[in-house]
Amino acid sequence: MFKMSGGVSGYANEQGPKCDIPLTPEHGGPILCMDNNNDIVVTGSTDHGLRVYNLSDGKQTKELFNKKYGHHEWVTTCQVLQSRRIVSGGMDSLICVWEPTGVKCKTYTAHSGSISKIVADKKSGVFLSSSYDSSIRVWNEFNNGPLSCLSGVHKGPVTEMNWQSSLCVSAGKDGLCALWDLNSEKCVNKQKWHLGQVSSIKFHSDGKNNLIITTGVTDGILNVVDMRDMKPIFQEPIHKRAINFVGTTQNNLLVTGAADNTLKVFDMSKGFKVIGELKTTDAVFCGDICGNVCLAGCGDGNLLCYNLDTMECAWGYGCEKKGGIKFVKFVPEKMKILTGGDSGQGLEL
């Protein structure tokens, strides 16, 4: 751990975390995905397994892998539902819905390519999966198979996807973004907003405007679209390298983090004016925002905490003993931060 100048209340105090609690036992390979719900933390790894931990002490409660159930390739995405079921997807094209007790799951082979992402409405149990087979599928945890399939637009892998209410936005390596109406199961719009792979898709509402925000891997472009007419209101290359993180605040700040070792802060209420450019110790791989505080997980294993009011780095913490941080998440109700990455060792701060 190392200290940095600046001091604000809550997460961004000048001392930083007092200690860390390792999630034990650790994985045998890098952590590729992580999620939590209440006191459950689940991680997925290149070791083909998922581990479930108790948030209160970081101890493993079960390992979701055996000869009969689970993935036989890298686990790429996971979600913990309100029912305590865990949904996971992997490079083996499998979707696994794990039971709350024991080590048993229903395994589905509806996709024919690697699963890139699962996004869930945790309360209802409805979730969407995107795949390298060019499709998105809609599921319910209680059904024995997908409810519907969204396909016919993407010609290559669907690498990023998000959804809100009845709108799903998907994107691929070619920069094409497709907007789907989940009620009609049809594509209602498609636009090539990027010159190459899309790294993230985010929704934002300020009470008056509803926005779709996308970022690029190869073009460094930040693209912001008004949902009313689906036309970009801001579309500019803002980073020299891949944008790996985008987040927004309730007071209409937008933060991007990229592989060029910077975070940029924009005021959306003032025409996306840049109001801060924050240096990081290495490439930004991931991030999260809570209130006026932004976390950045870096390629050198450092977790950096920034105060968005003062535009200062309040503290830094060395989380990874080798490699970079691939996942970071605030758990505000528990006053904790979760991280995971290349070492295979998850942490609670």
Side-chain angles (χ1 to χ4, degrees), residues 116-117 119 121 128 130 134-136 138 150-258 263-276 284 286-289 294 308:
S116 55
K117 194 169 186 180
V119 182
D121 178 342
L128 274 62
S130 59
S134 307
S135 76
I136 302 97
V138 183
L150 311 178
S151 62
V153 174
H154 294 289
K155 303 305 180 184
V158 179
T159 54
E160 180 62 13
M161 173 268 297
N162 207 345
W163 70 294
Q164 184 179 79
S165 187
S166 61
L167 176 66
C168 171
V169 182
S170 59
K173 287 187 175 181
D174 59 359
L176 179 70
C177 296
L179 290 79
W180 307 85
D181 182 345
L182 296 182
N183 294 322
S184 66
E185 302 175 16
K186 293 182 179 180
C187 177
V188 295
N189 202 326
K190 58 181 180 179
Q191 299 287 338
K192 193 165 185 179
W193 286 326
H194 292 274
L195 303 177
Q197 184 172 337
V198 176
S199 55
S200 61
I201 299 168
K202 185 175 179 64
F203 299 100
H204 177 80
S205 176
D206 61 7
K208 295 181 180 180
N209 303 301
N210 296 310
L211 307 176
I212 300 171
I213 303 167
T214 64
T215 57
V217 175
T218 58
D219 58 15
I221 287 177
L222 170 65
N223 174 70
V224 184
V225 176
D226 190 324
M227 285 192 194
R228 289 172 294 188
D229 56 15
M230 293 302 174
K231 293 182 179 179
I233 58 176
F234 183 90
Q235 190 177 53
E236 293 184 14
I238 59 167
H239 287 281
K240 296 179 180 178
R241 298 181 65 187
I243 302 173
N244 296 319
F245 162 67
V246 61
T248 59
T249 69
Q250 291 185 344
N251 60 339
N252 287 325
L253 296 184
L254 185 150
V255 184
T256 57
L263 293 169
K264 288 191 177 183
V265 185
F266 301 81
D267 189 333
M268 291 189 283
S269 64
K270 296 182 179 179
F272 294 88
K273 179 182 178 182
V274 178
I275 60 173
V284 178
C286 59
D288 198 14
I289 292 177
C294 178
L308 297 179

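At a threshold of 4.5 Å between non-hydrogen side-chain atoms, the residues Asn209 and Met268 do not count as touching. Here the side chains of Ile212 and Phe203 are in contact, with some heavy-atom distance below 4.5 Å.
The ring-ring contact (aromatic ring centres under 6.0 Å, His included) test applied to Phe234 returns Phe272, not counting sequence neighbours. Every residue two or more places apart in sequence or in another chain that forms a side chain to side chain contact (heavy atoms under 4.5 Å, CB included) with Thr215 is listed here: Ser199, Ser200, Leu222, Ile243, Val246. Residues forming a side chain to side chain contact (heavy atoms under 4.5 Å, CB included) with Thr249 (at least two apart in sequence, or on another chain): Asn251, Leu253, Ile289, Leu308.
Identified under the side-chain hydrogen bond (donor to acceptor under 3.5 Å, both in side chains) test for residues 159-168, with sequence neighbours left out: Lys117-Glu160.
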Under 3.5 Å, which donor-acceptor pairs link side chains of residues 235-242 to any protein atom two or more places apart or in another chain?
residue: Gln235; atom: NE2; partner: Trp193; partner atom: O; Å: 3.3
residue: Gln235; atom: NE2; partner: Asn223; partner atom: OD1; Å: 3.0
residue: His239; atom: ND1; partner: Asp260; partner atom: OD1; Å: 3.3
residue: His239; atom: ND1; partner: Asp260; partner atom: OD2; Å: 3.0
residue: His239; atom: ND1; partner: Thr262; partner atom: OG1; Å: 3.2
residue: His239; atom: NE2; partner: Thr256; partner atom: OG1; Å: 2.8
residue: Arg241; atom: NH1; partner: Ala259; partner atom: O; Å: 3.3

With a cut-off of 3.5 Å and sequence neighbours excluded, list every side-chain donor-acceptor pair involving residues 177-186.
residue: Trp180; atom: NE1; partner: Ser170; partner atom: OG; Å: 2.9
residue: Asp181; atom: OD1; partner: Asn183; partner atom: N; Å: 2.9
residue: Ser184; atom: OG; partner: Lys186; partner atom: N; Å: 3.4

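Side chains of His204 and Asn252: a donor on one and an acceptor on the other come within 3.5 Å.
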Check against side chain to side chain contact (heavy atoms under 4.5 Å, CB included), Thr214 and Val225: CA-CA 8 Å; Thr214 64; Val225 176; 5.9 Å; no

Check against side chain to side chain contact (heavy atoms under 4.5 Å, CB included), Ile233 and Val224: CA-CA 6 Å; Ile233 58 176; Val224 184; 3.9 Å; yes

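Heavy atoms only, all atoms of each residue included: His194 and Gly216 are closest at CE1-N, 3.4 Å. Closest heavy-atom contact between Gly196 and Thr218: CA-OG1, 3.4 Å. Scanning all heavy atoms of the two residues, the minimum distance from Ile201 to Val198 falls at CG1-CG1, 4.2 Å. In terms of heavy atoms, Ser134 sits closest to Gly156 at OG-O, 2.9 Å. Taking both residues in full, the closest heavy atoms of Asp267 and Ile275 are given as CB-CG2, 4.1 Å, listed atom of the first, atom of the second, then distance. Considering every non-hydrogen atom in both Val158 and Ser130, the closest pair reads CG1-CB, 3.7 Å.
Here the CG atom belonging to Leu211 is positioned 7.5 Å from the OG atom belonging to Ser205, to the nearest 0.5 angstrom.
None of Gln197, Lys155, His154 except one satisfies the side chain to side chain contact (heavy atoms under 4.5 Å, CB included) rule with Lys173; the exception is Gln197. Checking each of Ile213, Asp206, Val255 against Thr248 for a side chain to side chain contact (heavy atoms under 4.5 Å, CB included) leaves exactly one that passes, namely Ile213.
Although no hydrogens or angles enter the test, the distance criterion places no donor-acceptor pair under 3.5 Å between the side chain of Asn210 and the main chain of Met227.
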